[in-house]
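Shown next, in structure tokens, is the structure this report addresses.
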Amino acid sequence: MLSNSIILLILSLQSACLAHVHHHHSTRKIHGQNWHHPSDHQVHQLFGRQATTTNSKAEVFPKVGSKEWKALFPAPFETLTKDAAKPAWIDALNQVKAQGLIPTNVPVGKFNATSGYPEYNGGQLDPKGDVVCSASYFCRGPDDVWDAPEGHVGLSFDDGPLPESSPLLYSFLKSQNQTATHFFIGSNILQNPDLFLEAFDNGDDMACHTWSHPYMTTISDEAVVAELGWLLEIVRVSSGGRIPRYWRPPYGDVSKLEM
Ligand SMILES: *[C@@H]1O[C@H](CO)[C@@H](O)[C@H](O)[C@H]1NC(C)=O
Ligand SMILES: *[C@@H]1O[C@H](CO)[C@@H](O)[C@H](O)[C@H]1NC(C)=O
């Protein structure tokens with residue numbers, strides 16, 4: 001049910017902080033771009049205050065980690081239903097569906113705890129077929145990026161920020177004069193705001209690994225939007241208004257329909 005074009009909200013299937021090593025020089029970039037959308041990108045219309053000619057004051061963000069800040073978000077690791085998405089996000093989803101940009105006939109999968117994989121139509125539908133092409137089964141779509149190009153290294157980490165591992169990772173990166181791309185989980189940012197700020201202040205790249213880390217193909221389109229939207233919102237509110245442009249699906253679990 002998820003395709004490559006929840007365009008208003010997101011992003012790219014894979015991304016990384018790419019270091020291009022050439023002779024004695026190395027350059028650092030995410031696919032040649034910032035980790036966040038430009039400030040005039042239309043995605044900003046879906047978040048925060050919408051500036052108008054009569055109301056163009058800059059949005060004021062609460063202090064990261066404060067009570068006011070915490071009150072803005074769902075509970076950590078809450079299972080997000082369609083009702084958790086902001087109405088503007090659902091409107092955007094419905095618009096792109098109406099425009100035929102997102103497939104509407106891919107069945108929502110069910111997680112099979114015995115096999116450890118999502119199944120579609122009770123296992124009747126091929127997960128590597130024309131209707132579903134699930135990355136959990138290593139089905140690759142034509143536009144998926146799996147490997148870094150020749151001469152490039154991708155340095156990226158999933159699931160943080162976490163008190164056991166993030167400080168070790170950060171101090172190692174620092175000792176090597178490196179930054180990295182962090183595919184953070186929104187719920188972990190909510191619980192570890194200082195560790196979010198440390199990576200952000202270090203100039204690392206912030207990317208989306210959803211709010212609660214579900215198998216994406218087992219939840220409704222609206223819940224997908226909520227999972228992506230709340231991660232984007234917590235990063236936005238905690239980074240002075242920056243909205244990440246890259247997403248990595250938890251477990252690599254996405255499905256696609258050839259349109
Ligand atoms: C789940 O996976 C197991 C093991 O692969 C399989 O035997 C079973 O038929 C699958 N489906 C259901 C609904 O349990
Ligand atoms: C990191 O940068 C510092 C200052 O330029 C330098 O002294 C140090 O050798 C560098 N460390 C590595 C591992 O490259």
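In listed order, ligands and their atoms are each counted from 1.
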### Query
For ligand 1, is there an N or O atom under 3.5 Å from any N or O atom of N112?
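Between N112 and ligand 1, an N or O pair is found under 3.5 Å apart.
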### Query
Can a non-hydrogen atom of K110 be found less than 4.0 Å from any atom of ligand 1?
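K110: no contact with ligand 1 (<4.0 Å).
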### Task
State whether a side-chain donor-acceptor pair under 3.5 Å links S156 with R248.
yes
### Task
Would you kindly say whether W35 and T181 are connected by a side-chain donor-acceptor distance under 3.5 Å?
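Side-chain D/A pair, W35 to T181: absent.
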Does [atom] have a protein non-hydrogen atom under 4.0 Å from it?
atom: atom 14 (O) of ligand 2; result: yes
atom: atom 4 (C) of ligand 2; result: no
atom: atom 9 (O) of ligand 1; result: no

### Query
Between D221 and K82, does at least one N-O distance fall below 4.0 Å, as a salt bridge requires?
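Answer for the salt bridge query: no.
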### Main-chain N/O of L46 paired with W89 side-chain donor or acceptor, under 3.5 Å
yes
### Message
Can you see whether F47 has R236 sitting over its ring - NZ or CZ less than 6.0 Å from the centre and within 45° of the normal?
### Response
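No, R236 does not lie over the aromatic ring of F47.
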### Task
Indicate yes or no: does an N/O atom of N177 lie under 3.5 Å from an N/O atom of ligand 2?
yes
